[in-house]
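Here is the structure we will look at, set down as structure tokens.
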Amino acid sequence: MRYLIIIFILSLSGCAQMQQDWIAQHCNQESAYTQGVNDARHDIDMQPNYAQGCPTTPEKLNQSYRQGYQFVITNQPPSININTSQAQKQYRCHDQYGQKVCGYDCKSFAGQWTCAQKPDQECIQNMSEIKCGYHCQKDDFGQLNCKTKP
């Protein structure tokens, strides 16, 4: 009987750890914003209560989720079906000293993030210099150049 109680207690502590891990991963504003962006990009209906199950600041988390979702809806280009052999770059958000920096093909140097604003753009880096755009190149002297139009 004693062993059954010990096994029961150990299984409960494993569940508690899993719940804490889930909260740490999902119950922050950056995760909520990113999930909103990803849901909108994949044509998933907006979740009315993203923060359900989060113990603190559900209003702020739901607001961040909605902001991410609305960002994609507002800035979404017209629907065009083009098949290319290149994989689509993922939209990502990064923390930069308490501020959110989001975009495609992000690069960083010393905690400073730079991201392309469109999925068909790229970023190129030479030490601390980062440039994003179309057809980016580094010349023989290390100068970075990107075009503003495809």
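It should be emphasised that the depicted structure is a prediction, and the values quoted were computed from it without experimental measurement.
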For this session: For Pro48, check side-chain contact (heavy atoms from CB on, under 4.5 Å) against everything at least two apart and list the hits.
Result: none

Problem set entry | All side-chain contact (heavy atoms from CB on, under 4.5 Å) counterparts of Gln121, not counting sequence neighbours | Ala116, Gln117, Lys118, Tyr134

Seminar exercise, completed: Closest non-hydrogen atoms of Asp39 and Gln47, given as atom of the first, atom of the second and distance, are OD2-NE2, 3.0 Å

For this session: Would you confirm whether Gln125, through its side chain, and Ser108, through its main-chain N or O, come within 3.5 Å as a donor-acceptor pair?
Result: yes

Which atom pairs, donor and acceptor, lie under 3.5 Å between side-chain atoms of residues 136-150 and protein residues at least two apart or in another chain?
unit_1, atom_1, unit_2, atom_2, d
Asp139, OD1, Phe141, N, 2.9
Asp139, OD1, Gly142, N, 3.0
Asp139, OD1, Gln143, N, 2.8

Who pairs with [X] by side-chain hydrogen bond (donor to acceptor under 3.5 Å, both in side chains), at least two apart in sequence or on another chain?
X	result
Ser31	Asn28
Asn49	Asn62
Gln63	none

Problem set entry | Connected via hydrophobic side-chain network under 4.5 Å: Ile73 and Met46 | yes

Seminar exercise, completed: OG1 (Thr114) and NE2 (His94) are apart, to the nearest 0.5 Å, by 10.5 Å

Exercise. Roughly how far apart are Tyr33 OH and Leu61 CG, rounded to 0.5 Å?
Worked result: 15.0 Å

List the atom pairs, with distances to 0.1 Å, where a side-chain N or O of residues 97-106 and a protein N or O form a donor-acceptor pair under 3.5 Å, not counting sequence neighbours.
unit_1, atom_1, unit_2, atom_2, d
Tyr97, OH, Ala110, O, 3.0
Asp105, OD1, Lys107, NZ, 3.2
Asp105, OD2, Cys123, N, 2.7

Seminar exercise, completed: Residues pairing under disulfide (SG to SG under 2.5 Å) where one sits in residues 17-60, two or more places apart or in two chains, turn out to be Cys27-Cys54

Exercise. With sequence neighbours left out, what residues match Glu30 under salt bridge (charged side-chain N to carboxylate O under 4.0 Å, His left out)?
Worked result: none

Problem set entry | ring pair (Phe, Tyr, Trp, His ring centres under 6.0 Å) against Tyr69, all qualifying residues, sequence neighbours excluded | none

Problem set entry | For Tyr50, all residues meeting ring pair (Phe, Tyr, Trp, His ring centres under 6.0 Å), sequence neighbours excluded | Tyr65

